[in-house]
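Below, chains carry the letters A, B, ... as their sequence lines are ordered, and counting in each starts from 1.
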Amino acid sequence: MSSSLISPSELDYIIRGVDDNLRADGRGRLDYREVILETGLIFQANGSARCRLSKGTDVLVGVKVEIGSIEIDGTDEEVAAVKAKRGRVVCNVECSPIASQQFAGRGADDINNELTQLVDRVLNGPQGGLNLEKLCIIPGEECWVVYIDALVLDYGGNILDLIFMTIRAALYNTRVPKTVIEEDKEVEISDDVEEWERIEGWELVPISITLNKIGTRHIVDATVLEELATKAKLSVMVNKNGKICGIQKIGGGSIEHGLLNEMMQTGRSIGQNLILNLDKMLQKEDEINAERAKNDKIGFFAAA
Amino acid sequence: MADRRRIQGPEVSVAPIILKSPNKIQLLDENLCRRNGRNLEDIRSIYLKTGLISQANGSAFIELSKTKIVCGVYGPRQTKIPAFSGKGNLNCEIKFAPFSCPKRRPPYRDSQEKELSQLIYEALTPSIRLDLLPKSTIDIYITILENDGTASCLAAAITCASVAVADAGIEMLDLVPACSASYINGQIFMDSDLIEEKRESGSLVLSYMPSLKEITHILQSGEVELNLTSQAIEQCTDSCSKIYSIMIDSLLLPIQNMK
Amino acid sequence: MNVQFLFPKPPPSIEEVKDADGDIDMLLKSQRQKFETKVVTPGEVIAKDTQYMRGHGTYLDENETHLASVAGVVERVNKLITVRPLNTRYTGNIGDLVIGRITEVSNKRWKVDINSRQDAVLLLSAIHLPGVQRRKTEADELQMRKFYSEGDLLVAEIQGSFQDGSSSLHTRSLKYGKLRNGSFLIVPPTLVQRTKSHFHRLDCGVDVTLGLNGYVWVSKPSSRVLNEMSEDDSEYIYSNENEPIGKDAREAIARVCNCINALSKSYMSITDTTISYAYEASLNFSVKEILKLESIELIANQTKQRLKA
């Protein structure tokens, strides 16, 4: 399947459709596809979640927490003092070659790198929402390192939004072990799984809304063909409180000033709406997960 | 390895594995039952499903209690290499997801993954009719989402890949189920999980074509008596036959849904 | 603008029947009784007789028994046994109508992707040249992109096949050629059956072109009637311009696309009849509601019932 070619007449059809607010599959410009969400699938990981669009993009995120040493930053005393009391977040995004023909071999390297840098820029820092101070075990020496690994298993367009949604769901699902520090600075980890705590600050983790500029308008949640018709994409990262946590333009085209403002406003309102619905869903998941633990868990790829 | 494109984690990080003293874990109780109620020769129950990746020509997902593996197959498609080849090219790639093992794995492919890819290639090649596909390439991509026993992961990966190749409609001589066993204290533990694997003195992975009664791959490590090995091979081939019927049912399920 | 989140649905449970030795007999075994409708997997024995000739999807072992090499349905025509796989790459047969996308432009030929093992070949001598019965000139060789360029979608017929499995296409008649005014879809090739014509005009005023290779083109009918003898018309078939498409036509095209998607997700075969039934069943929903999983199920069930009646 030649996944990166499109004909001029298809291009024209898509652009005019977007103009008329009627896309190729009947959606309006700002309509999202249905997302199927599951959490708590990987037992080896401290937290995990999976989001997918029916027969479209499929993203799996696993979060592991491990004990690591705090880096001593020799340059600036003030910065070093702050860092000494914090845990760390390390992100990684990988597009598996299973997801699409274009990711085979080294094809995915560039996009992996771009997405990893993007996600890292958003999650590492105060805008990332997570309470890093709570992740410190022994100030200046040991801290929790949160490894967030995203794996894209199927490609149907709109990867970035799904990655952030799934990361938020996985962090909701993550439990950090409780530690007890002995006198000789030995770290004891509590055995009792019930005592493990949820990561503080998960509700402030931002999600992204990617707006694709097609013709003179913009759309949300693009399919593969619509992405090929896009000249420029704008990713707006927004959190629960409506604050903008990051903006990035991707692609070779340019965006006019007025359109840019419009896109940011749209991104922000859709983003907050998405967070509300996602949170409602996550709470329901908790109740269902408790029930599922009693019966046999269904195979996780079992669903439609 | 200075990998500048990735954000490096700390050089040393330790997974907070709850260290109960190893002597406290009993692998067998008085009735020779294993920890989750299994007997020595029982394999874990398998869940197999095909056709979940929309972009791939064939795909399969396998789950054995905690082990979860996804496989996607692309092909046959045109070989990019200009040199003519009378028979088809088979390319296998296996990857552990970073969150799949107790200790996080780095994102780049390491030597263990390269070796496992080669093993899977050797296990599957005898079963696929590559002579019917000149100038074509078949790509098999396997991702291990959760690992509960490395030898059993390899066996499950071979099973899963074979089902995915059949799901893609590629002509094969037979399906290839695979099975693993551990040697612990002179006994054979079939399909061992991570905790049992830590105590093993040797392991065996075997893949078998039941209709043709041929073994496509065997890999044993550790020092073992010959008769124990033969017994283990017998048990593995028996288990492979059981796994074979599960593979068949998973391939024929879409027809049932059509009716 | 509301983003909908769903739970995964558990799979439909299969009734398990235990037979004498406590083994679970899956429903399918009882369906495998009859020889003709037998469903097999690779390595399974089909027949022990040597009187049969083996076809695609089978092979002989040392004991002269016929074994299947793919997962599929056994078909027997007189003495020839073949196994038709459930899911396979499309293999071209002469006379098949296919839709393809140009991947490469090279010396006097184009390489076309038709969802098959190899890319197909479209020779410069096999296309309809503008002008009345014009012959190929050297200028044509140098300006191949004027006709078809990389990424273009076209409908063609398979003229022949080479030994390595690749096919050769032609677009000599005016009904073949570049596709415009519509939307492109991919469905599994096994769901498209061979019928007399693959160009369908549905009652709702939408044209559907079903390629046997699983590529489908849904478009607005062209208002221009093409004439072989006219020079303008022959130039027109290589144009990339779409006609203006009104909002109603666009909605109808989107609706048909979603119906075809619904049929393909439910593994139902795609013919003009099934598409029409699905279209009528879908009128209860708005166009974008057809994308939801529950609507797809409802539409598929209604279509199945109408087909049985």
So do [Y] and [X] actually touch side chain to side chain, heavy atoms under 4.5 Å?
X	Y	result
C/Asn261	A/Asp25	no
A/Pro8	C/Asp152	yes
A/Arg16	C/Ile245	no

Can you name the closest pair of heavy atoms from A/Ala24 and C/Ser183 and give their distance?
-> CB-OG, 3.9 Å

For A/Asp12 and C/Asn242, the nearest pair of non-hydrogen atoms, with its separation, is OD2-ND2, 2.9 Å

Bottom line for C/Ile114: the part with an atom under 4.5 Å from chain A's heavy atoms is neither

Does C/Glu157 have any side chain to side chain contact (heavy atoms under 4.5 Å, CB included) partners at least two apart in sequence or in another chain, and if so, which?
-> C/His170, C/Tyr176

Quick one: [atom1] on [X] to [atom2] on [Y], what's the gap to the nearest 0.5 Å?
X	Y	atom1	atom2	answer
A/Leu22	C/Ile253	CG	CD1	9.5 Å
C/Leu291	A/Asp31	CG	CG	9.5 Å
A/Arg27	C/Ile290	CZ	CD1	13.5 Å

Of A/Leu282, A/Asn277, A/Asp279, which is the lone residue that meets side-chain contact (heavy atoms from CB on, under 4.5 Å) with C/Phe5?
-> A/Asn277

Can you confirm whether more than 12 heavy atoms, excluding those of [X], are under 6.0 Å from its [atom1] atom?
X	atom1	result
C/Glu289	CD	yes
C/Asp248	CG	no
C/Glu104	CD	yes

Tabulate below the donor-acceptor pairs under 3.5 Å that side-chain atoms of residues 155-162 of chain A make, not counting sequence neighbours, or state none.
unit_1: A/Tyr155; atom_1: OH; unit_2: A/Glu227; atom_2: OE1; d: 2.7
unit_1: A/Asn158; atom_1: ND2; unit_2: A/Tyr32; atom_2: OH; d: 3.4
unit_1: A/Asn158; atom_1: ND2; unit_2: A/Asp221; atom_2: OD1; d: 2.8
unit_1: A/Asp161; atom_1: OD1; unit_2: A/Ser208; atom_2: OG; d: 2.9
unit_1: A/Asp161; atom_1: OD1; unit_2: A/Thr210; atom_2: N; d: 3.0
unit_1: A/Asp161; atom_1: OD1; unit_2: A/Thr210; atom_2: OG1; d: 2.6
unit_1: A/Asp161; atom_1: OD2; unit_2: A/Tyr32; atom_2: OH; d: 2.7
unit_1: A/Asp161; atom_1: OD2; unit_2: A/Thr210; atom_2: N; d: 3.1

With a 4.5 angstrom heavy-atom cut-off, could you sort out which part of [X] is near chain C: side chain, backbone, both or neither?
X	result
A/Leu276	neither
A/Arg23	backbone
A/Lys280	neither

When A/Val220, A/Leu225, A/Leu278 are compared by non-hydrogen pairs under 4.5 Å with chain C, the top option = A/Leu278

Taking A/Ile6, A/Leu11, A/Asp20 one by one, which has the highest count of heavy-atom pairs under 4.5 Å against chain C?
-> A/Ile6

Donor-acceptor pair, side chain of A/Ser9 and main chain of C/Gly182, under 3.5 angstrom | no

Using the six-membered ring of A/Tyr13, assess whether NZ or CZ of C/Arg250 lies under 6.0 Å from its centre and within 45 degrees of the ring axis.
-> yes

Heavy-atom pairs under 4.5 Å with chain A, option from C/Lys265, C/Lys247, C/Lys288 with the top count | C/Lys288

